[in-house]
There are 2 protein chains.
Amino acid sequence: MTALEMQTRHGEVCPLDTTLKILVGKWKSIILCRLTAGELRFTELLNTLPGCTRRMLALQLQELSQDQIIIKTVDLTASPIKTSYRLTALGTSLIPIIQAMDAWGATYIKTLSSN
Amino acid sequence: MTALEMQTRHGEVCPLDTTLKILVGKWKSIILCRLTAGELRFTELLNTLPGCTRRMLALQLQELSQDQIIIKTVDLTASPIKTSYRLTALGTSLIPIIQAMDAWGATYIKTLSSN
DNA sequence: CGGAATCCAGTGGGATACTG
DNA sequence: CAGTATCCCACTGGATTCCG
């Protein structure tokens, strides 16, 4: 089920929650950070995520795809088959927010660390 | 445990994840929306959150307090005792991000609904 | 009034193994 | 190479009850 379906199914829809549901997941935020730089292959992505298993990466990519934040393209002419992932227009429109949250988090960490 | 402790405990710290951990919780985003308008009492807050139990509200407020996003003040001279919650400076600095995410979510919902 | 304690169900995510 | 399938555990959040 997509994040939007999860929301609309139960009464009230808070747009803020919709956005949060899309971003939340063990590896989603960092995947989004990576894809901000451009298209990546499954294994390339995996290699930039130490500690992430293929299963988890596949799951998180699947959810982001269903929410139309990223898109997957498969090159069948290649051998072995190559699959690539990149941000959609919707995903790209999230970048400023991601950057703002990343910056806020960095400030937050510095503030609380200096106590 | 605070969101920051959760992060720093396990190796890598992604500031974006720190921010997300703070915002995620069944009622946190909507609580933050409410407190943006100003200070509120426990019961006042509860009344604006249909479906939220006292236990859940108390839990979410506790976590937000530990993360220093909101602050709780208790008026012992009143009878019955009154407790109020309001945003801290850190919490206030989150408002633009919250508004941006809310706006993005609204656009997202409209975009996907018109398919 | 504003919680805390206890119990319980659903789910996110880890380990491992298998596949087109 | 790029995934699925299974099993399992820990944690989030719900229901209910009790307390200062």
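Letters A, B, ... are given to chains in the order of the sequence lines, protein chains preceding strands, and every chain is numbered from 1.
At the heavy-atom level, B/E44 lies nowhere under 4.0 Å from the strands shown. Note on A/E63: nothing from the nucleic acid sits closer than 4.0 angstrom, heavy atoms only.
Between the side chain of B/R55 and the base of C/dT6, a donor-acceptor pair under 3.5 Å is found.
Considering only the side chain of A/R54, D/dA2 comes nearest among C/dG14, D/dA2, C/dG2. Of the candidate nucleotides D/dA2, C/dC1, C/dG3, C/dG3 has the atom lying nearest to any side-chain atom of B/T83. For A/A58, the side-chain atoms get nearest to D/dT4 when compared with the rest of C/dG13, D/dA2, D/dT4. Of all nucleotides listed (D/dA2, D/dA15, C/dG2), D/dA15 comes nearest to the side chain of B/T53.
In terms of phosphate contacts, B/K72 brings no side-chain nitrogen or oxygen within less than 4.0 Å of OP1 or OP2 of C/dG2. Residue B/Q60 places none of its side-chain N or O atoms closer than 4.0 Å to OP1 or OP2 of D/dT12.
Map A/Q62 and A/P80 each onto its nearest nucleotide of DNA chain D; the residue landing nearer the 5' end is A/P80.
In this structure, A/K21 atom NZ and D/dT12 atom P are separated by 16 Å, rounded to whole Å. Going from atom CG of B/L57 over to atom C1' of D/dA15 covers 16 Å, rounded to whole Å. To the nearest angstrom, P of C/dG3 lies 14 Å from CG of B/L49. If you measure from atom CD1 of A/I81 to atom P of D/dT4, you get 13 Å, rounded to the nearest angstrom. Summarising the geometry, the separation between NZ on A/K82 and P on D/dC1 is reported as 12 Å, rounded to the nearest angstrom. Between A/F42 atom CZ and D/dA2 atom C1' the separation is 6 Å, expressed in whole Å. Whole-Å rounding puts the A/L64 CG to C/dG12 C1' distance at 15 Å. B/L45 has its CG atom 10 Å from the P atom of C/dG2, to the nearest Å.
Checking A/L35, A/L87, A/L32 one by one against A/I95, the side-chain contact (heavy atoms from CB on, under 4.5 Å) holds for a single residue, A/L87.
Contacts classified as ring pair (Phe, Tyr, Trp, His ring centres under 6.0 Å) and involving residues 88-112 of chain A (residues at least two apart or in different chains) are given here: A/W104-A/Y108.
Here the CD-CG distance, from A/Q66 to A/L4, works out to 12.5 Å after rounding to the nearest 0.5 Å.
Minimum heavy-atom separation, B/C33 to B/I98: SG-CG2, 4.5 Å.
Looking at A/S84 and A/R41, their side chains never bring a donor and an acceptor atom within 3.5 Å of each other.
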